[in-house]
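Report on the structure given below.
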There are 2 protein chains.
Amino acid sequence: MNLRLARTSCIECPIRHRAVCAECDDTELAVLEGIKSYVTVPKGGRIAEAGESLDHLSSVVSGCATVSKTLADGRRQMVGLLLPSDFIGRPGRATLSFDIEAATDVTLCRFQRRAFEAIIRSSPNVARRLLTMTLDELDVARDWQVLLGRLTARERVIHFLLSLVRREATETGAAHRSGPVRLELPLSREMIADYLGLTIETTSRQFTALRKDGLIETPTARTIVVPDLLNLMPEAMDEDGGPIA
Amino acid sequence: MNLRLARTSCIECPIRHRAVCAECDDTELAVLEGIKSYVTVPKGGRIAEAGESLDHLSSVVSGCATVSKTLADGRRQMVGLLLPSDFIGRPGRATLSFDIEAATDVTLCRFQRRAFEAIIRSSPNVARRLLTMTLDELDVARDWQVLLGRLTARERVIHFLLSLVRREATETGAAHRSGPVRLELPLSREMIADYLGLTIETTSRQFTALRKDGLIETPTARTIVVPDLLNLMPEAMDEDGGPIA
DNA sequence: TTGCCGCCTTGATGCAGATCAAGGCGCGAA
DNA sequence: TTCGCGCCTTGATCTGCATCAAGGCGGCAA
């Protein structure tokens with residue numbers, strides 16, 4: 001998982017390590033280099049809409065974007081959260097099935113779809129790497145299904161916080177040492193509610209309840225401090241009886 | 001989508017058309033032929049367990065299997081339903097994250113994992129085909145997230161029935177002509193409840209309600225007749241205002 | 001034929017989370 | 001400094017689904 005360290009240039013454009021660095025050769029890298037470009041989408045901006053055809057695949061360099069669906073009557077469910085190094089787009093497919101929006105300012109590293117697909121066609125390494133990434137996304141989606149189908153509001157909020165902590169830990173490479181953890185939430189309460197399949201009021205009440213129980217502190221609404229991760233963990237156990245890896 | 005028609009032998013072993021038929025060459029087919037074997041798992045049997053390491057990848061030839069997670073306290077959520085032509089396993093990954101069980105007697109076409117992965121490594125076609133299949137699964141999982149997060153019990157049951165109808169239609173190649181449709185449910189009420197994130201009682205009551213409303217008939221508990229699909233459809237609309245494709 | 005056992009249905013009641021409603025707080029603009 | 005506007009919190013009430021409980025039905029074995 002420290003592919004990131006393999007080539008320092010990967011930090012600039014995560015796709016280079018996540019999709020291809022592991023075993024790609026220099027030709028592939030050179031081609032990718034030639035077809036990429038950067039764009040920044042302002043907070044609240046639409047990155048893509050369901051049904052729309054995309055002529056770029058991209059990778060999140062910085063910021064936070066959401067993948068969601070809105071029903072005719074306004075009900076909305078988030079189905080994906082895109083953070084740096086996550087991939088956007090469906091190689092081999094021109095259209096998306098969900099809306100993608102910028103939750104904060106988002107910088108993307110984009111690749112022309114046709115050129116990128118040509119690389120996939122010729123290189124088993126790239127296709128294989130994308131397959132692995134997609135399988136990971138599928139696991140995330142399925143764990144999310146369990147959360148939405150069976151967890152209580154309190155458990156959902158705890159899982160959300162833990163997933164952010166875990167995500168941050170793998171970003172920085174830090175092992176989850178004990179001691180207080182500080183989180184800057186990239187999402188508003190409304191977005192968190194859409195993430196968790198709850199209403200904004202219930203979400204807010206759960207944050208309040210966790211604070212009253214001493215499990216978290218909330219210096220500001222968007223800043224969460226977890227004095228001791230272990231206190232939060234026990235409620236997030238799965239069938240193995242252990243906290244999520 | 002009529003890859004199935006490309007080679008009749010595909011019917012015998014769906015992986016041949018779903019994973020590789022589209023553009024594979026004869027060498028790849030020959031290798032697959034050499035590493036496959038068939039097994040039948042009886043109804044209720046365990047096909048794989050979360051965390052277990054698998055040395056086969058397989059494809060469902062007949063029957064119905066479920067992908068699910070059970071929490072420590074017994075709460076259970078289904079996250080995948082495997083019907084003929086669906087693929088089991090995670091190329092490049094030795095272990096599963098979810099339990100897979102036979103909902104009916106299930107016949108699998110299995111491939112030795114190492115040999116299959118060797119094919120993936122050498123053939124962009126196979127890797128690309130698997131990527132497409134996995135992206136499709138991801139879309140299904142995300143639509144399922146919307147169902148679990150935001151739909152009412154009644155809407156969930158309707159979606160479930162429509163997804164079976166749609167699935168059956170693509171299997172038989174029949175367009176969704178109007179007129180009555182008959183469905184044999186491959187799942188018990190309890191499994192349907194786990195699929196939909198509901199209790200068995202609520203699920204049963206919703207079937208009763210749909211029957212009282214004249215939207216379905218239930219000659220037996222496992223047999224559903226839908227007199228007119230269009231009556232069922234309107235409640236299953238998404239943001240585009242149209243029924244699911 | 002009878003009785004058992006799984007599976008399904010139905011009824012009564014309870015409760016978690018939705019809904020409706022009313023502020024509070026912080027921040028940027030005038 | 002004050003106003004206005006997002007965003008968040010809190011309270012009161014409602015309700016859809018869960019829970020608890022009791023049969024019904026159909027298939028299979030003795």
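In what follows, chains carry the letters A, B, and so on, assigned in the order in which the sequence lines appear, proteins first and then strands, with residues in each chain numbered from 1.
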Counting side-chain heavy atoms from C-beta on, which of [options] comes nearest to [X]?
{"X": "Ser204(B)", "options": "dT10(D), dG17(C), dC8(C)", "value": "dC8(C)"}
{"X": "Thr202(B)", "options": "dT9(D), dC17(D), dG17(C)", "value": "dC17(D)"}
{"X": "Glu201(A)", "options": "dG17(C), dC20(C), dA21(D)", "value": "dC20(C)"}

To the nearest Å, how far apart are [X] [atom1] and [N] [atom2]?
{"X": "Arg154(B)", "N": "dA18(D)", "atom1": "CZ", "atom2": "C1'", "result": "20 Å"}
{"X": "Leu210(A)", "N": "dC8(D)", "atom1": "CG", "atom2": "C1'", "result": "16 Å"}
{"X": "Leu185(B)", "N": "dT9(C)", "atom1": "CG", "atom2": "C1'", "result": "15 Å"}
{"X": "Leu196(B)", "N": "dC17(D)", "atom1": "CG", "atom2": "C1'", "result": "13 Å"}
{"X": "Arg211(B)", "N": "dT9(C)", "atom1": "CZ", "atom2": "P", "result": "8 Å"}
{"X": "Arg189(A)", "N": "dT9(D)", "atom1": "CZ", "atom2": "C1'", "result": "9 Å"}
{"X": "Ile192(B)", "N": "dT9(C)", "atom1": "CD1", "atom2": "C1'", "result": "14 Å"}
{"X": "Leu148(B)", "N": "dC17(D)", "atom1": "CG", "atom2": "P", "result": "13 Å"}

For [X], answer base if it contacts any base atom (sugar-phosphate contacts may also be present), sugar-phosphate if it contacts only those atoms, and nothing otherwise; contact means non-hydrogen atoms under 4.0 Å.
{"X": "Thr208(B)", "result": "sugar-phosphate"}
{"X": "Thr220(A)", "result": "nothing"}
{"X": "Ser188(A)", "result": "sugar-phosphate"}

What I want to check is whether an N or O donor and acceptor connect the side chain of [X] with the base of [N] at under 3.5 Å.
{"X": "Gln206(B)", "N": "dC17(D)", "answer": "no"}
{"X": "Arg222(A)", "N": "dG26(C)", "answer": "no"}
{"X": "Arg205(B)", "N": "dT19(D)", "answer": "yes"}

Electrostatic pair [X]-[Y], nearest N-O below 4.0 angstrom:
{"X": "Glu137(B)", "Y": "Arg142(A)", "value": "yes"}
{"X": "Asp136(B)", "Y": "Arg93(A)", "value": "yes"}
{"X": "Asp99(B)", "Y": "Arg76(B)", "value": "no"}
{"X": "Glu52(A)", "Y": "Arg46(A)", "value": "no"}
{"X": "Asp86(A)", "Y": "Arg167(A)", "value": "yes"}

Closest-nucleotide ordering on DNA chain C, the 5'-leading residue of Leu187(B) and Gly197(A):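 Looking at the nearest nucleotide for each, Leu187(B) comes out on the 5' side.
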
Along DNA chain D (nearest heavy atom to each residue), the more 5'-positioned of Glu190(A) and Arg150(A): Glu190(A)

